[in-house]
2 protein chains.
Amino acid sequence: MQATTFAALGEPSRLQIVELLRTGPLSVGEISDALSIRQPQVSKHLRVLSGSGIVAVEPVARHRIYHLEPEVFEQINDWVDSFERLWEVRLDSLDTYLNSIRAKPTEDGSEADG
Amino acid sequence: MQATTFAALGEPSRLQIVELLRTGPLSVGEISDALSIRQPQVSKHLRVLSGSGIVAVEPVARHRIYHLEPEVFEQINDWVDSFERLWEVRLDSLDTYLNSIRAKPTEDGSEADG
DNA sequence: GTGATATATTCCCGTCAAGGAATATATAAC
DNA sequence: GTTATATATTCCTTGACGGGAATATATCAC
């Protein structure tokens, strides 16, 4: 998993753009208008997103229509799955571990359970 | 979905730490040793990860054992799913859309083929 | 060709974050 | 109390990044 992918999504305006594109492909001007971000900034953000393979562009006359690329989302999905699969196996051993910690007399009983 | 979550994962060292913790809870020193990152930097990164709810800490004697928090990974999972679910619906309409672009008689026939 | 529209790029600036070094805090042993 | 170990925090510097303004490029209409 590439840190750059998460970094691209870690900027608020870019995350907004990605979530906006979830509704369907849009031109630069439409994104700029919808999110009230100036056009040069939108182009810059789209460049970063494009560099991470999160979006791709389709030129249409004078417009450039950006859309999301499913591949990256599958990568993220697989990455997250690699964690959740392990927890299924490790959940009870973590519990055992935490309990073993608390088994020690703590002299203040302030163990927060959440 | 919080941009800060992705930002936390978007730093290479932090992503390394998260992936290392996938193998199980570790102390600061163990992380520092395993990744050859100086201890103060590890503590700082863990602070950011902790602030995003990606990790949590369990004090054990003089050690502080960090472990991953499943909740955030479920959030990311749900977020990614919200995209992939739409694609199942929209995949053919995107195709239709792209074709419709090229199908338009454009008065000069200069449609880029891609 | 000129002019208009849509988008990309460049330059500059301010801010923020990461890394290094030193230091502070916490816990344990004595 | 002192000392040692484990971790957190502070200060400083530097480099990267986002935003604004201006400009460049591309396409269309004429």
Side-chain angles (χ1 to χ4, degrees), chain A residues 3-18 20-21 25-52 55-67 101-102 104-108 110, chain B residues 3-18 20-21 25-52 54-67 101-102 104-114:
Chain A
T4 51
T5 302
F6 288 130
L9 296 171
E11 207 283 326
S13 296
R14 282 196 293 266
L15 187 57
Q16 274 191 279
I17 291 174
V18 169
L20 176 62
L21 287 177
L26 291 173
S27 71
V28 176
E30 287 169 328
I31 296 170
S32 172
D33 202 48
L35 302 180
S36 301
I37 303 174
R38 294 168 197 276
Q39 175 267 316
Q41 278 313 111
V42 173
S43 286
K44 288 184 208 173
H45 285 312
L46 287 169
R47 194 174 210 273
V48 175
L49 292 171
S50 174
S52 295
V55 305
V57 63
E58 192 75 25
V60 179
R62 280 176 302 184
H63 298 253
R64 289 169 61 85
I65 310 295
Y66 283 86
H67 61 90
I101 290 165
R102 295 176 172 135
K104 289 187 180 173
T106 54
E107 286 120 10
D108 76 336
S110 68
Chain B
T4 52
T5 303
F6 287 131
L9 297 170
E11 207 284 325
S13 297
R14 282 198 293 268
L15 187 58
Q16 273 191 281
I17 292 175
V18 169
L20 176 63
L21 288 177
L26 291 173
S27 71
V28 176
E30 289 169 329
I31 297 169
S32 172
D33 203 49
L35 301 180
S36 301
I37 303 175
R38 295 167 198 275
Q39 175 268 315
Q41 276 314 110
V42 173
S43 286
K44 289 183 207 172
H45 285 312
L46 287 169
R47 193 174 212 273
V48 175
L49 291 171
S50 175
S52 294
I54 297 172
V55 305
V57 64
E58 194 74 26
V60 178
R62 280 176 302 184
H63 297 253
R64 290 170 59 86
I65 311 295
Y66 284 86
H67 62 90
I101 290 165
R102 296 171 171 141
K104 281 188 184 171
T106 55
E107 290 117 10
D108 76 335
S110 68
E111 302 291 307
D113 180 45

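Naming convention: chains lettered A, B, ... in sequence-line order (proteins, then strands); numbering from 1 in each chain.
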Please determine whether a side-chain nitrogen or oxygen atom of [X] lies at a distance below 4.0 Å from atom OP1 or OP2 of [N].
{"X": "His63(B)", "N": "dT27(C)", "value": "no"}
{"X": "Tyr66(A)", "N": "dA6(C)", "value": "no"}
{"X": "Arg47(B)", "N": "dT9(D)", "value": "yes"}
{"X": "Arg64(B)", "N": "dA26(C)", "value": "no"}
{"X": "Ser13(B)", "N": "dG19(C)", "value": "yes"}
{"X": "Ser27(B)", "N": "dT7(D)", "value": "yes"}

Review point. Shortest non-hydrogen contact from Thr5(B) to Ile54(B)?
Key: O-CD1, 4.0 Å
Review point. Closest heavy-atom contact between Leu15(A) and Leu9(A)?
Key: CB-O, 3.6 Å
So which protein N/O to nucleotides 20-22 of chain C N/O distances come out below 3.5 Å?
from	atom 1	to	atom 2	distance (Å)
dG20(C)	O6	Lys44(B)	NZ	2.6

Roughly, in whole Å, what's the span from [atom1] in [X] to [atom2] in [N]?
{"X": "Leu46(B)", "N": "dA8(D)", "atom1": "CG", "atom2": "C1'", "result": "11 Å"}
{"X": "Glu58(A)", "N": "dT7(C)", "atom1": "CD", "atom2": "P", "result": "14 Å"}
{"X": "Ile17(A)", "N": "dG18(D)", "atom1": "CD1", "atom2": "C1'", "result": "12 Å"}
{"X": "Leu26(A)", "N": "dA6(C)", "atom1": "CG", "atom2": "P", "result": "15 Å"}
{"X": "Arg62(B)", "N": "dA6(D)", "atom1": "CZ", "atom2": "P", "result": "6 Å"}
{"X": "Asp33(A)", "N": "dA6(C)", "atom1": "CG", "atom2": "C1'", "result": "13 Å"}
{"X": "His45(A)", "N": "dT9(C)", "atom1": "NE2", "atom2": "P", "result": "15 Å"}
{"X": "Glu11(A)", "N": "dA17(C)", "atom1": "CD", "atom2": "C1'", "result": "14 Å"}

**Study point:** Flag, side chain of Arg64(B) to backbone of Val57(B), donor-acceptor distance under 3.5 Å
**Key:** no
Check your understanding: Heavy atoms, side chains only, cut-off 4.5 Å: are Ile31(B) and Leu21(B) in contact?
Key -> yes
Point to revise | Side-chain heavy atoms of Arg47(A) within contact of Lys44(A), under 4.5 Å | key: no
Check your understanding: Between atom OG of Ser27(B) and atom CD of Gln39(B), what is the distance when rounded to the nearest 0.5 Å?
Key -> 10.5 Å
Review point. Roughly how far apart are Leu26(B) CG and Leu20(B) CG, rounded to 0.5 Å?
Key: 5.0 Å
